[in-house]
Chemist: 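Dumping the structure here so I can ask a few things about it.
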Amino acid sequence: MKIKIKAFAAVKEACGFEDKELTVSEGISVEKILLELKKCHPGLKEFDGTLLFAINEEYCDQDSVLSDEDTLAILPPVSGG
Amino acid sequence: MKIKIKAFAAVKEACGFEDKELTVSEGISVEKILLELKKCHPGLKEFDGTLLFAINEEYCDQDSVLSDEDTLAILPPVSGG
Amino acid sequence: MIGSGMKKIILQNEPIDMAQMLHEVESDSDGAVVSFVGKVRKNSRGKNVLHLEYEAYREMARKELAKAADEAEEKWGISNCLVAHRFGRIEVGEASIIIAVSSPHRHEAFLAAQYLIDTVKKKVPIWKKEYYSDGSSWINDKE
Amino acid sequence: MIGSGMKKIILQNEPIDMAQMLHEVESDSDGAVVSFVGKVRKNSRGKNVLHLEYEAYREMARKELAKAADEAEEKWGISNCLVAHRFGRIEVGEASIIIAVSSPHRHEAFLAAQYLIDTVKKKVPIWKKEYYSDGSSWINDKE
């Protein structure tokens, strides 16, 4: 299945992409995708333990599972206001 | 000695005066002045137990004693804001 | 008044210019400005309010407000604060009071603004008279 | 969004018009308007800030802000509320965020405004980058 990945702010800069499409196996978890991404984007490792995730604009956790056409956002700790 | 009395808002309307000069005996207390005032201004009685007092623009209590030239303000409960 | 911040007390008959008031407390080293605006409501205690009139013991109100501003600075280390209260006739929807506080961080600004309006309601010699279609009444109960 | 009050979320590149924002939350049945303005400070973490840049995950930020506004209405029965956040480049002294809440009484308006800004700082996907004379840095610690 196909999913979209979105990266923001410091994560975007560390990864070098803003939007990305991936073909992944059905029922893949956020955690698994993250492991895959770290292979090509080692800069992601510096965020270990601090990242937030959202599927289709709703916060989720690392165990959450993606469906076809989902958008996974990888978010550094927020600092708005 | 001479003192000034100032009345505000509902007290002013009930007493029928805004400013008043009184000649009183030395060392007179707020409470004593109030008793005197009630004789001529019985409307004051309806405020029993709710009034606030200030001498020369500083809050005081009923036992406070006045000096010559002092200004005593008689204040209903405040409702600003 | 004590301290190094700007503290401004305004008692005026004229409408309050909100943008101007907020501008007055600004400074480049403050990250937070909290403001409170108290306005005349069309309903009060089940009655239909036509307009209000505020009376103040002005010299004393000014002193009490200045004390409250000093206390707010001492307690929370706020930078600048301003309290503007109108007196005289005020229409429904108009502001009777504006409080604005600036501070490096937000928590202190919130606490100080609340302290200032609470103090006004409790201790500052200002009185409100409500006018209805069938009369008027001095307000002397607490909200 | 739920409830009958006006709830408005604004994410914009342009400077925020404070007077306009306050005007938007007004209603004749509300006695209190509490506002919070967050501004760019010239000093941060011991460094001299030249300007900021904010980035937002806009669709999601809008949703999270709308949820927070609904929660504030549910919890405190506020009437109207507005949250406006800028993104892009913002200069020292300019406002990055404005929150305005109106309510019949003041206590609820204060609590709701604080809840909204606390939620922004904790949960809304917006990020700040500080620019200094010698570089720049994404901010990701809590105040």
Side-chain angles (χ1 to χ4, degrees), chain B residues 2-22 28-31 33-34 37-38 41-81, chain C residues 9-12 16 36-41 44-45 49 52-68 83-88 90 95-99 113-130 135-143:
Chain B
K2 270 191 176 150
I3 61 164
K4 272 189 201 157
I5 313 251
K6 278 169 128 18
F8 289 90
V11 172
K12 180 174 74 183
E13 288 182 8
C15 290
F17 71 84
E18 183 166 350
D19 291 285
K20 199 184 180 84
E21 287 215 354
L22 281 187
I28 194 170
S29 70
V30 171
E31 192 173 17
I33 293 172
L34 202 63
L37 282 173
K38 279 183 193 164
H41 306 283
L44 261 180
K45 288 176 191 162
E46 65 175 285
F47 296 96
D48 273 352
T50 68
L51 291 174
L52 302 168
F53 305 96
I55 297 175
N56 303 334
E57 300 163 12
E58 295 288 340
Y59 280 113
C60 66
D61 51 43
Q62 293 218 19
D63 301 331
S64 300
V65 162
L66 283 91
S67 306
D68 194 28
E69 302 286 329
D70 276 355
T71 298
L72 171 67
I74 306 178
L75 315 170
V78 305
S79 54
Chain C
I9 309 300
I10 298 170
L11 296 170
Q12 69 180 27
I16 300 170
F36 170 81
V37 183
K39 296 184 345 169
V40 178
R41 299 164 63 197
S44 174
R45 298 156 186 84
V49 174
L52 292 191
E53 258 182 59
Y54 280 92
E55 179 175 328
Y57 183 5
R58 284 206 251 165
E59 305 83 347
M60 185 176 167
R62 192 175 284 282
K63 279 189 187 179
E64 290 294 320
L65 288 170
K67 276 186 218 168
V83 181
H85 203 303
R86 277 182 79 182
F87 55 84
I90 310 187
S96 52
I97 185 168
I98 285 180
I99 289 171
Q114 281 175 279
Y115 177 77
L116 288 168
I117 180 61
D118 287 348
T119 302
V120 167
K121 301 258 180 191
K122 258 194 320 233
K123 285 185 61 178
V124 178
I126 300 177
W127 301 271
K128 171 164 71 180
K129 191 175 195 173
E130 293 180 346
S136 65
S137 156
W138 285 103
I139 303 306
N140 59 20
D141 53 355
K142 302 293 162 213
E143 267 190 311

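Proteins get letters first, then strands, A, B, ... in listed order; numbering begins at 1 in each.
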Chemist: Could you tell me which portion of Trp138(C) (side chain, backbone, both or neither) has an atom closer than 4.5 angstrom to a non-hydrogen atom of chain B?
Modeler: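 Side chain only.
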Chemist: For the residue pair Ser79(B) and Ile139(C), what are the closest heavy atoms and their distance?
Modeler: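 That would be OG-O, 2.7 Å.
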Chemist: Lys63(C) versus chain B, heavy atoms under 4.5 Å apart: side chain, backbone, both or neither?
Modeler: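 Only the side chain of Lys63(C) comes within 4.5 Å of chain B.
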Chemist: When you measure from the side chain of Tyr57(C) to the backbone N and O of Leu75(B), does any donor-acceptor pair fall under 3.5 Å?
Modeler: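 Checked: no pair found.
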Chemist: So which heavy atom on Asn140(C) is nearest to which on Pro77(B), and how close?
Modeler: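 Taking every non-hydrogen atom into account, O-CB, 3.7 Å.
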Chemist: Between chain C and each of Gly80(B), Ala73(B), Ala10(B), Ala9(B), count heavy-atom pairs under 4.5 Å; write down the option with the most.
Modeler: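 The candidate making the most pairs under 4.5 Å is Ala9(B).
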Chemist: Could you pull out the closest heavy-atom pair between Ala54(B) and Met60(C), with the gap in Å?
Modeler: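 Closest pair (atom of Ala54(B), atom of Met60(C), distance): CB-SD, 3.5 Å.
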Chemist: Using side-chain heavy atoms (C-beta onward) and a distance below 4.5 Å, is Glu13(B) in contact with Lys129(C)?
Modeler: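 The answer is yes; the side chains approach within 4.5 Å.
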Chemist: Is it the backbone or the side chain of Ala61(C) that comes under 4.5 Å from a heavy atom of chain B, or both, or neither?
Modeler: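 For Ala61(C), no heavy atom lies under 4.5 Å from chain B.
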Chemist: How close do Ser96(C) and Gly81(B) get, counting heavy atoms only, and between which atoms?
Modeler: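 Looks like OG-O, 3.1 Å.
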Chemist: Which heavy-atom pair separates Val120(C) from Val78(B) by the least distance, and what is that distance?
Modeler: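 Closest approach of Val120(C) to Val78(B), heavy atoms only: O-CG2, 4.2 Å.
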Chemist: Side chain, backbone, both or neither: which part of Tyr54(C) has an atom under 4.5 Å from a heavy atom of chain B?
Modeler: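 The answer is the side chain of Tyr54(C).
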Chemist: Out of the candidates Arg58(C), Glu59(C), Glu64(C), only one should pair with Glu57(B) under the side chain to side chain contact (heavy atoms under 4.5 Å, CB included) rule; please name it.
Modeler: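 Testing each of Arg58(C), Glu59(C), Glu64(C) against Glu57(B), the sole residue satisfying side chain to side chain contact (heavy atoms under 4.5 Å, CB included) is Glu59(C).
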Chemist: Looking at side-chain heavy atoms only, is the closest gap between Trp127(C) and Pro76(B) below 4.5 Å?
Modeler: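 Heavy-atom side-chain distance check passes, below 4.5 Å.
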